[in-house]
Amino acid sequence: DGWVVRLNADAARSAAASAAITLTSQSDAQLDGVRIDGDEVVVTITFVVDRWFPGLAAVTITEIGRARFSTGIVEEGQ
């Protein structure tokens, strides 16, 4: 008999969004999305870098973070 763990998608999405907003609150970065992909919560954050050198356009940097949920007992040193 195995354990079945179900991800509460709404709670996971809300927690991930809250954490990302806190992380980006001290910068000009913005939260672009939070989605559930199987056993992962995927967060996308973007930041626009305005290059000060004449003739160079601004660059948008996109970072994607993933957190995977797992179950089980891990034993170390056995």
Query - Min side-chain heavy-atom separation R51-V59 under 4.5 Å - result: yes

key: Heavy-atom check, side chain of R13 versus side chain of I36, under 4.5 Å   = yes

side-chain contact (heavy atoms from CB on, under 4.5 Å) filter on A58, not counting sequence neighbours, yields V48, D50

- [ ] Evaluate the criterion side-chain contact (heavy atoms from CB on, under 4.5 Å) for residue pair F47 and I45; output intermediate values, then yes/no.
- [x] CA-CA 7 Å; F47 180 74; I45 296 172; 5.8 Å; no

Exercise answer: donor-acceptor pairs, residues 17-35 side-chain atoms, under 3.5 Å, sequence neighbours excluded:
from	atom 1	to	atom 2	distance (Å)
T22	OG1	S18	O	3.0
T24	OG1	A20	O	3.0
T24	OG1	I21	O	3.3
S25	OG	T22	O	2.9
S27	OG	T24	O	3.2
S27	OG	A29	N	3.1
Q30	NE2	D32	OD1	3.2
D32	OD2	T46	OG1	2.9

